[in-house]
Amino acid sequence: SYSGTVVPAVDNGSKVAIGDTVANIYASEAAAVAASRLKEIRNEIEYYKAIEINAGSSPGADIEVYKNSVAASLFSLSEAIESDSLSSVYELSRGFREAVMKKQSATGERIDVSPKIAALQSEYDSLKVAAGTGSAVTVSEAGYYVDSADGYESTADYESICEYKAADTEALIEAEPSGVSGRNVGKLITDFNWYFVFNTTVEKLGNKVRGSYVTVMFGNSSADDLRMEIESVNVTEGSNILTVVLRSNIMNEEIAALRHEAVKIRVDSVSGIAVDRMALRTVDGEKGVYVKEGNIVNFKKVNIIYSDSNIVLSAPEPLDDSYLAVYDEMILEGTDLYDGKLLT
């Protein structure tokens, strides 16, 4: 029971110990707004101090590395904006800014962030007076703190989750949340394991069994791809439907916000050098491609480990120059090509 406005003191998904303060309650909304901004400013000051320490630490480095980092950061930011993943825009924009600053530093340009730090510190000192002191909410157990509750906390029976079958999973998805008190200040996750449950088919799961690992990709969330262990696989009698329970003990702010999610699950993966099928040739019974080396055409063999209608993957053979290698300039199409041909 409390009177006032709650401001979380730690980030969602943060690990907390017995007695830690997880939130503060402020008497007025104005004080709470000031306190929330104080937390943001503290993070910004630490961010710029880290930049100040690292600035100028890598002059003479390969500038292409930093150019590529800037391009990759900008691409990720643009993708997030295009897909309306606004929750990740803030962190991605910080990453882009940091990549630009590192590139500037690598070219010898001096980066002075001290005026920014001074301005933030001045704002912090002013807001600290406006915020005053809040009433601390502490925890009596260790675990992970999440600053909100949505009413689904008791929907699943965690004692029997590994025995779930298709109907149980469907009921879980259709379940309505229970009411949440307006005075709730969040929740404490005291078990270090969390679970992801879904229905699939025997064909899609392949040869994966309990104890195997898969990679989960959360398409509608900013959560990173996550390698999870298969905790249980249960078949529904008279069908090829499997109910799979995955387990993880990794927790952060993005994972703490997950509930009903549309995901892709990578059961297996293979990596190699991608070869467009247009470039694939057969010479003296050997599959390979023609590559351009200077103004000479050379034939390079490929070691095919995967193929579909568009590409094949060739396994790198770093000790054998007769095989296709990374960065080889493949010739996609052409006539009268042969090994050793001079291009004019």
Side-chain angles (χ1 to χ4, degrees), residues 68 71-85 166 196 198-209 212-230 233 235 239-244 246 261-341 343:
N68 291 339
S73 298
L74 180 57
F75 180 75
S76 296
L77 178 59
S78 301
E79 268 197 330
I81 294 171
E82 183 68 25
S83 61
D84 288 331
S85 301
F196 183 71
F198 62 93
N199 292 333
T200 186
T201 63
V202 174
E203 293 78 14
K204 287 184 178 180
L205 191 62
N207 61 353
K208 294 295 180 179
V209 295
S212 301
Y213 286 85
V214 295
T215 300
V216 182
M217 295 163 280
F218 302 94
N220 296 327
S221 165
S222 57
D224 292 332
D225 296 354
L226 191 62
R227 189 167 181 260
M228 300 185 72
E229 183 177 359
I230 297 179
V233 179
V235 64
S239 76
N240 69 339
I241 302 297
L242 300 178
T243 299
V244 182
L246 307 180
E261 301 297 328
V263 305
K264 289 184 178 179
I265 296 177
R266 184 187 300 129
V267 177
D268 288 300
S269 64
V270 62
S271 62
I273 302 169
V275 177
D276 193 304
R277 279 193 170 275
M278 290 177 61
L280 200 61
R281 312 288 177 114
T282 302
V283 176
D284 296 331
E286 294 278 5
K287 293 282 189 183
V289 296
Y290 285 111
V291 301
K292 179 186 174 190
E293 296 181 331
N295 63 341
I296 302 293
V297 174
N298 284 322
F299 181 75
K300 292 286 191 80
K301 294 184 289 186
V302 295
N303 182 3
I304 299 175
I305 55 175
Y306 169 84
S307 66
D308 62 24
S309 58
N310 298 312
I311 66 165
V312 300
L313 290 184
S314 174
E317 301 285 351
L319 301 180
D320 191 340
D321 292 339
S322 68
Y323 280 88
L324 182 68
V326 177
Y327 303 123
D328 278 343
E329 190 175 350
M330 283 183 282
I331 300 174
L332 286 182
E333 53 186 284
T335 59
D336 193 28
L337 295 173
Y338 56 86
D339 201 32
K341 180 177 182 176
L343 296 175

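Not measured: the values here are computed from a predicted model.
Looking at Asp276 and Asn310, their side chains never come closer than 4.5 Å, going by heavy atoms from C-beta outward. Residues Ser73 and Leu77 have side chains not in contact (no heavy-atom distance under 4.5 Å, counting atoms from C-beta outward). Considering only heavy atoms from C-beta on, Asp339 stays 4.5 Å or farther from Val297 through its side chain. Val289 places a side-chain heavy atom less than 4.5 Å from the side chain of Val275. Val233 has its side chain out of reach of Val209: every pair of non-hydrogen atoms, C-beta onward, lies at least 4.5 Å apart.
Shown here are the side-chain contact (heavy atoms from CB on, under 4.5 Å) partners of Tyr338, two or more places apart in sequence or in another chain: Asp336, Lys341. With sequence neighbours excluded, no residue forms a salt bridge (charged side-chain N to carboxylate O under 4.0 Å, His left out) with Asp308. Taking the side-chain hydrogen bond (donor to acceptor under 3.5 Å, both in side chains) definition, one finds that Glu261 meets it with nothing, sequence neighbours left out. Listed by chain and residue number, Leu242 satisfy the side-chain contact (heavy atoms from CB on, under 4.5 Å) test with Val235 (two or more places apart in sequence, or in another chain). Residues meeting the side-chain hydrogen bond (donor to acceptor under 3.5 Å, both in side chains) test with Thr243, sequence neighbours left out: Asn199.
From Ile296, atom CD1 reaches atom CG of Leu343 across 7.0 Å, with rounding to the nearest 0.5 Å. Phe198 contributes atom CZ, which lies 4.5 Å from atom CG of Leu246 (distance to the nearest 0.5 angstrom). Interatomic distance, OG1 of Thr200 versus NZ of Lys208, reported as 13.5 Å (0.5 Å rounding). Atom CD1 of Ile273 is separated from atom CG of Leu313 by 9.5 Å, given to the nearest 0.5 angstrom. Taken to the nearest 0.5 Å, the OG1 atom of Thr215 stands 12.0 Å off from the CG atom of Asp224. Distance check: Met330 CE to Ser314 OG gives 9.0 Å after rounding to the nearest 0.5 Å.
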So Arg277 and Ile311, side chain to side chain contact (heavy atoms under 4.5 Å, CB included) or not? Walk me through it. CA-CA 5 Å; Arg277 279 193 170 275; Ile311 66 165; 5.7 Å; no
Stepwise, does the side chain to side chain contact (heavy atoms under 4.5 Å, CB included) test hold for Phe196 with Val263? CA-CA 11 Å; Phe196 183 71; Val263 305; 3.7 Å; yes
Is there a side chain to side chain contact (heavy atoms under 4.5 Å, CB included) between Asp225 and Phe218? Walk through the geometry before answering. CA-CA 7 Å; Asp225 296 354; Phe218 302 94; 6.0 Å; no
Derivation of the side chain to side chain contact (heavy atoms under 4.5 Å, CB included) call for Thr282 and Lys287: CA-CA 5 Å; Thr282 302; Lys287 293 282 189 183; 3.4 Å; yes
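The two residues Leu205 and Val267 come nearest to each other via the heavy atoms O-CG1, 3.6 Å. Considering every non-hydrogen atom in both Val270 and Tyr306, the closest pair reads CG1-CB, 4.1 Å. The minimum heavy-atom distance linking Leu337 with Arg281 is given by the pair CD1-NH2, 3.5 Å. The minimum heavy-atom distance linking Gly272 with Ile305 is given by the pair CA-CD1, 4.4 Å.
Applying the side chain to side chain donor-acceptor pair (under 3.5 Å) test to pairs two or more places apart or on separate chains, those with a residue in residues 292-304 are Glu293-Asn298, Glu293-Lys300, Lys300-Asp328, Asn303-Glu317.
Without hydrogens or angle criteria, Asp320 side chain to Ser322 main chain gives a donor-acceptor distance under 3.5 Å.
Applying the 6.0 Å contact sphere to CD of Glu203 captures more than 12 heavy atoms from other residues, nucleotides or ligands.
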